[in-house]
Structures are given as structure tokens and as C-alpha cells.
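Within every chain, numbering begins at 1; the chains are lettered A, B, ... in the order of the sequence lines, protein sequences first and strands thereafter. Below, each value reflects all heavy atoms present in this structure, side chains not excepted, and no hydrogens, waters or symmetry copies. Keep in mind it's a predicted model, so treat the numbers as computed, not measured.
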2 protein chains.
Amino acid sequence: MPPLHHTPPRPRRVTLADIAARLGVTKVTVSRALNQPEKVSAAMRERVRECARELGYMPNRQAGSLASGRSRLIALLIPSLSNAVFSELHRGLEAPLAAAGYQLLIGHTGYSMEEEERLIETWLSFGVDGLVLCGSRHSERVTEMIARSGCAVVECMEKREAPLDMAVGLDQHAAGRAMAEAMIESGRRHIGFLAARMDRRVEQRLAGWRAAVEAAGLSQEYLMTTPAPSSVKLGGELLDEMLTRWPNLDAVFCCNDDLAAGALFECQRRGLEVPARLALAGFNGLEMTRGTWPALASVVTPRREIGERTAALLLARLSGDHASTPRGLWEDLGFSLQRGGSLPRA
Amino acid sequence: MPPLHHTPPRPRRVTLADIAARLGVTKVTVSRALNQPEKVSAAMRERVRECARELGYMPNRQAGSLASGRSRLIALLIPSLSNAVFSELHRGLEAPLAAAGYQLLIGHTGYSMEEEERLIETWLSFGVDGLVLCGSRHSERVTEMIARSGCAVVECMEKREAPLDMAVGLDQHAAGRAMAEAMIESGRRHIGFLAARMDRRVEQRLAGWRAAVEAAGLSQEYLMTTPAPSSVKLGGELLDEMLTRWPNLDAVFCCNDDLAAGALFECQRRGLEVPARLALAGFNGLEMTRGTWPALASVVTPRREIGERTAALLLARLSGDHASTPRGLWEDLGFSLQRGGSLPRA
DNA sequence: GTGAAAGCGCTAACAA
DNA sequence: TTGTTAGCGCTTTCAC
């Protein structure tokens, strides 16, 4: 931590010692009155609390964690702030962790492994007790740092055979396959797949689509991908390209809901009827899919439940329960299909 | 920080002292080699670095901040993780802060003042050097804690006459008024306003709409609000109610883009032509508004620029430049109108 | 260029 | 129920 020159000193903050001095007791007593109230007489508790309030005392948690070796901090690393998928994961984590006295930190990786590494380093150096990661692709250094730190880790969202520590999610391949099969069952024969920003999860969904299409003896050529970040507009542009190239398409499975929404708008622009002429589906089942017209088919993923289960695992581990939180634990929370109006049954 | 029972000890981490011992020097030298390399001989620098790598040393920043009184941490508190508005604010902040060696933390308030208070308390107790808040409505305790901490603060997004410290944003009232005026100029006479979750910014937009409508001698009665969180689906439902109640509406200004998108879908469901029969507009100018069909009119807010300017102010203040970062500073970064296809000129 | 001493604010362990 | 002692891992100041 290099020095900051010219920095004027902050106002000196009130410490435990100030309260102790004022009350004529020792710091430990004050600390206990505040943090382990049951270990102190009711009278003392009150005196300390009032004095703390009066003086505007604010504990210094750096000092606290340093001394105790525990931070009561859990960090969540999400690839994208704007993707609602991760906000629901967050929601599932938040409440149970807060209830147990843990503070949830959020870090933003922007889908970058380097940024993930930097963030993990930062969080570990701040002594987080637990780490929640999205996905299963990490740099080697991340693996090392985590192993060395002994920090509890849950990898979220995708199927993971050999987790760093624990993992909770769903089988993205099976989900991709299921949606493609639903399209086939509903009578579609020319089924496209549209993907942006190919992370591992998208690759797995794509592989699932491929498996279903192949098994049904249908063509796998209707595939369009781009490394660009996905967006509604992009969905429209890609569908436009697809339809120009393969005008006979009768269904398009988009790797996420934003693309699917954009594809839907593109159909409206072209006057192409959904689902009569083209069936559409997205992935994740975001709120939005139920607001479009027609409502969009999608694979509904249990993001919130994943968050809740993750929180439970972390809390169990952090309270010393190693039996139910073994290293290598993998939990599959499944998924469900939502057909909306854009993919009616045959 | 109450004790956690049954918690098995973590593997002891490598410290400065370990490196020092191995190299036969003192901790200070190691610390300097790592953090102020110019203060140490080139040879020593290399030996220390190599040894650190070998041992897998990871600095303990709690100890570092405690000793130095500075954390190089800046916290951003956002009301909603899923609202893309805030993700772009974050993007604007991130790069300049990282470049200057600061780590940006994200906290999630869920639009709750209590949660904001809790988070601010947490961050201050972790010794953050700076705080970025959204909005200008805070609990009294927040005001106190911030004043006492001497932490640099920027309030973002909305116009603010008497900031806690500094503020950067735009005049939401003027923006609301401008969009309503654009509707009027384009010949609309029955202009509705649709709002969900009324925070201060939404109230200001609403007031702007009211002012414009009143000034034009038009009716202010076409107003529908709900405290529910906004969503695409909700936009459709509210528009449905509005049109049932006031079938003569010829324009609807939604307080954000999600609602506007939902309203657009509802028009499609009803076979109501946009913009011929009904003009539609949202607020924020999210990417999505350019992907719908027709593209949605919206007030484009300079979220990213707000983030960048906020970062610059914080960095200036933290490097001791008080002249250009006076308390009470307010910067208005303006806005622009996007007409899309949903609000053509007359 | 390197070291010695002191202390940041708090908590753990044990003692009284 | 309260106090004593010691120390978490690092940085700061000042000396060499």
C-alpha cells in the first residue's frame, strides 16, 4: 500500500478505548458489551451502549477481523451487472447470509478471467470467509490462491464434475437439449441456434441443441454465433442474417432471453408471424419473457434457489459442519421449460 | 464479532515475516520491496519478489489498512442489480478507479433506506476511502455517520441542491418536462404518465411531465402510479388499465424503459398502432430501446459519464485536491432525447 | 539502502 | 462479571 502524499488526516475516529476511558472500564468490557452482550451485566451493557451512541462510535472491522481471523464477509463474483440472471442469484444469497450475520460483497468480472483473478486476490487479501463464483472456468492462479487460503467456495450455475470446492447449479447441456427437443416435438424441422458471447454455459446449451437435432436426424447447420456481448438489438440483427441465409427456418433457439426478445422484434419488423411461421425460445426465463407478445418460450433456471442453496452450504461449512459440505460436492437443481406463446405444442 | 464455535483453523497464511525470515532481512524491507520498490536495491527487490512468489505470499490488507489508515477502497451503493442504469454507472467508475489503484466495491440496497444505512455502516467500518451513492434521500444516521467519518462522498444521478458532500447527475425534472414537451410538439393532446416504484427521481420526472402538460393547457389526469417494482409485464398491465380508463389517450410517457417496453407489447397485443394511434416513450435510453420495433423514444441519461466524472472527483479529493472538489459541489451532466420510432415529429 | 521500535483497533485466552 | 496480557500483520517514523 504505497503512501498517498498530500492527504490531509481524517478526523480521528472514536475507538473502544475512548468509550472505556470515559466509563472507567477496560476495552475488553466495552468490546464484550457490544459484541457478546450476554457476557456482561445488564447495567454495564446499557452504559456502554449509551456512551457508544453518544460518542458516535463506529467499530473498526479491519481491526476486528485482524484480531479474530474472521471477517464475516462473503464475496459474490458476477460476470455481468446488467444481466438479471445474476441479480436473482444475488437475491437468493443475500437474505440467509444477512440473517446469519454475514455481509455479502459483490464483485464484477465482466466475463474476464483476468478480472476474476484480480478480484479473488483482492477479496482473499481482505480475508473473506467465503467466495461464490459463477461458472467453472478459472485461471490456474485462482485455483492455487483458493487452495492456499482455505476459503469456502461455491461455484454456481453450471454442471461441474470436479469443483474447486463445492458447486450448485444445473445441467446446461440437458437444458439446451430439452428445449431443442420441445421444438422438434412441436413439429419444427429447421431449427436454428443463435448465440452471443460464448461462455462455457452457452457452449453447453449449444451442445445440447446439437445433440437433440442430431438425434432427430435434422440439420445442424442453422447455427450463428458471435463473440459480441449479447443484447436485444444484436438478437434482431443476428436473426435477420439467419433468415436471409436460411429462409426456411421454422424455429430459432436463442442462447438467452435478450437475444430472443430482439429476434421477436425482428420478426415483427418483417411481419413474420410468431409462432405460426417461426417458433422462438430463449434461455433463463427472465421476467421479461412473460411480458412480450407473444410471451417467449424459455428454459427457466432456478437462479434464486441456487443462491439460497449456496448460502446454506456456505453457512454450514463456516459453522464447522464439514460432514454435509464435503469438498467435491455437486448439487443439480434442475430446470423447467416455459412454452409461452412463441412455442406452442404441436 | 461473536465467536464462531467449532470452526477449524484455516491453514496459516504466509506473512511478511515468513519471507523476511527466509531471506534474513526484516519485515520492513520486505514490505518496501513489495510496495515501494524504489526504496530498495534492485537485487533485494528481486529476491523478495521471487521468494514471495515461491511461498505464495498474499498480503493481508486488513492489517495494511489498519496500520496505514487508508484502504484504497471505494464503495458504490446501487438500488438495483438488475437495472442496467446502474451497471453503466458502474462501468464509468470502474476503469479510472482501478487505474489509480482503487478497488471498487458494490453494495445493493434494493431501494431501501434501511439497507442503505446498514451498508454504509459496514463500508465505513471497513474504512472505505470513498462512497458513491445513488440519489439524495438518506436517513439521518447516514448523514451523521458520513460527516463523522470524513469519507469522500459523491451522490449520483439526480439534481441535488445541498449535497452531503459532492453530487453529479442531471436534472430529472427538466428531463421529464422535455420529453412531455416533445410529445406535445408532435401534436399529442392526451398525454399519460405511467410510473412504478416512485423514488425521488421518478417523482421529479412526473413533476416535469405535469409542468409541461399544465403549461400547454392539457389535462393532468392521465396518471397511473404504483409502488410495485417496475417490470416489462407491469408496463403492459398498467397500460391496459390506462387504456380501459382513458381510451382517448394518444401518448404515454413511462417513467422507465422497462415499463415502456411492456406498454409497447400491450399495444401489439391489442393491435393498437404505435406511433400512429399511441406514441410511447421511456426513460434512460437503455440499449433495449434501440432493439424494439418500433424503436422506443426515451430520455438518454449520461450514466457512464456520470460514473467517470464521479471517479475523477473522488480521485482528486483523495489525492488532496480540495480546491477543485469543494463540499457542496454539484455538476449537471445533462441529457438528450431519443425519438426512436415511437414518437415521430409532428 | 536497511533496521529497530512502536502502534493501528480490536479480540482471545486466561486469570481474578 | 471484569481485567490482564499478548498479539493479529502490517506500516510508520526515525535512526543508522
Do the side-chain N or O atoms of [X] get closer than 4.0 angstrom to the phosphate oxygens (OP1, OP2) of [N]?
| X | N | value |
| --- | --- | --- |
| A:Thr29 | D:dG3 | yes |
| A:Tyr57 | C:dG9 | no |
| A:Thr26 | D:dG3 | yes |
| B:Ser31 | D:dT11 | yes |
| B:Thr15 | D:dC8 | no |
| A:Ser41 | D:dT2 | yes |
| A:Asn60 | C:dC8 | no |

Which atom pair, heavy atoms only, marks the closest approach of B:Asn60 to B:Gln62? OD1-N, 2.8 Å

Distance-only donor-acceptor test (3.5 Å): side chain A:Arg32, base D:dG3: yes

Charged N to carboxylate O under 4.0 angstrom, [X] versus [Y]?
| X | Y | answer |
| --- | --- | --- |
| B:Asp18 | B:Lys27 | no |
| A:Arg22 | A:Glu54 | yes |
| A:Arg201 | A:Glu158 | yes |

Using a heavy-atom cut-off of 4.0 Å across all strands, would you classify A:Val40 as base, sugar-phosphate, or nothing?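 Touches sugar-phosphate only.
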
Return the 5'-most residue of the pair B:Ala67, B:Glu38 with respect to DNA chain C, ranking by each residue's nearest nucleotide. B:Glu38

Within 45° of the six-membered ring axis of A:Phe126 and under 6.0 Å from that ring's centre, is NZ or CZ of B:Arg61 located there? no

Using five base pairs at each end, measure the axis-to-axis angle across the helix from C:dG1-D:dC16 to C:dA16-D:dT1 and round it to 10 degrees. 20°

